[in-house]
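Okay, structure first, notes after.
Whatever order the structure lists them in is the order used to number ligands and atoms, beginning at 1.
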Amino acid sequence: MRIGLSLRLLNDVSVEVKPYVQDHDSKKHQVKKMFDKISPVYDFLNGFLSLGIDRIWRTKALSYIPSNLENLKVLDVATGTAALAIQTAQLHSTVHIIGVDISDGMIQTGLHKVSDKKLQNRIHLQLGDSENLEFEDQKFHCVTAAFGVRNFENLEKGLAEMFRVLKPGGRCIVLEFSKPRIFPFKQIFGLYFRYILPWTGKLISKDSRAYSYLYESVQQFPDYERFTNKLKDAGFSNCFYKSLSLGICCIYIGEKS
Ligand SMILES: C[S@@+](CC[C@H](N)C(=O)[O-])C[C@H]1O[C@@H](n2cnc3c(N)ncnc32)[C@H](O)[C@@H]1O
C-alpha cells in the first residue's frame with residue numbers, strides 16, 4: 001500500500017524530486033551540491049553502470065546534428081564533464097561548442113578532459129544556469145542536452161531558454177532517461193535501476209542519495225509523448241522522439257521554425 005502510494009507520488013510531475021530529502025535547500029542548489037560531490041567518479045560510474053552504452057546513446061543523439069552546415073555553433077546545456085560536447089567535436093569537425101553547467105566540480109573535470117584531447121579551440125566550458133542563459137537570442141544553430149533536463153528546477157523555464165537562444169531553423173536535441181514499457185524488460189530493468197544501481201552507485205561515489213535520486217527523478221520525469229508535448233509548449237515544431245535500448249532512454253528532437 002505504502003509502496004504503491006510512493007510510486008504514484010513519484011509519477012506525479014507536480015511533486016518535486018530533490019537529491020537530499022531532509023535538506024531544505026532549493027532543488028537547484030542540491031543538484032549542484034550532488035554533482036560537485038560525485039564529479040570525480042561521474043564518468044567512471046556512467047560507463048560502468050551502463051556497460052559503456054551511454055556513449056552509444058550520445059553518438060545516436062548526435063547523428064541528429066545537421067551535417068549540411070559548416071562552422072555550426074552548438075550550445076550544450078547541463079554539459080557536466082563535457083561528455084557530449086567532446087563527442088560532438090570529435091564527430092563534427094567544424095563545430096564549435098559552448099558547454100554550460102551549474103556544478104564547478106563537473107566543469108573542472110570537463111576542462112581537464114577537453115585539454116587532454118586538445119579541443120580547447122573548439123570547446124569552451126563555463127559555469128552557468130541553463131534556466132537563465134546569459135546568451136543573446138538566436139545565437140546557436142543547435143542546442144543539446146544529455147541527461148540534464150531532468151535535473152532542472154524549472155523544466156519549462158529551461159526549455160524556453162533553449163528555444164530563445166536557437167536560431168530560426170535551429171534544432172534542439174535532448175537525450176534523457178525514460179521508463180521502459182515492454183514486459184518483461186520493464187520489470188527486469190526496474191529491479192536493476194531501483195535496487196542494484198543505487199547500491200553500486202552509493203558504494204563507489206560515497207554519496208548515499210545520488211543514484212537513488214537518479215531512479216526517483218526518472219520515475220517523475222515526463223517521458224515519451226509527455227516530453228514532446230513540453231517541447232511543443234515551449235514553441236518547438238516538428239517534435240518527435242526515438243526510444244533507445246528498449247526504452248531505457250529517448251532522443252527528443254524539436255526545431256525552431
Ligand atoms: C547527469 S549530468 C549530465 C552531464 C552530461 N550532459 C552528460 O551527458 O554526462 C547532469 C548535469 O546537469 C547539470 N545541471 C542541472 N541543472 C542545471 C542547470 N539549471 N543549469 C546548468 N546545469 C545544470 C548538473 O550540474 C550536472 O552536471
Practice task
Tell me the residues surrounding ligand 1, counting only those with a heavy atom closer than 4.0 angstrom, sorted by chain and number.
Solution key: Val31, Phe35, Tyr42, Asn46, Arg58, Ala78, Thr79, Gly80, Asp101, Ile102, Ser103, Met106, Gly128, Asp129, Ser130, Glu131, Ala146, Phe147, Asn151, Phe152
Exercise for the section: In plain terms, say whether Glu225 and Arg181 are close enough for a salt bridge, that is, a side-chain N and a carboxylate O under 4.0 Å apart. Expected result: yes
Handout entry: Heavy atoms from other residues, nucleotides or ligands near CD of Gln187 exceed 12 (cutoff 6.0 Å)
Key = yes
Practice task
Determine yes or no for a side-chain-to-main-chain donor-acceptor pair under 3.5 angstrom, with Lys179 supplying the side chain and Asp223 the backbone.
Solution key: no
Exercise for the section: Could you pull out all residues at least two apart from Lys37 that satisfy salt bridge (Lys or Arg N to Asp or Glu O under 4.0 Å)? Expected result: Asp207
Exercise for the section: Take the angle between the ring planes of Phe193 and Phe177 and call it parallel below 30°, perpendicular above 60°, tilted in between. Expected result: tilted
Handout entry: Whether Phe221 and Tyr252 hold their rings parallel, tilted or perpendicular, with breakpoints at 30° and 60°
Key = perpendicular
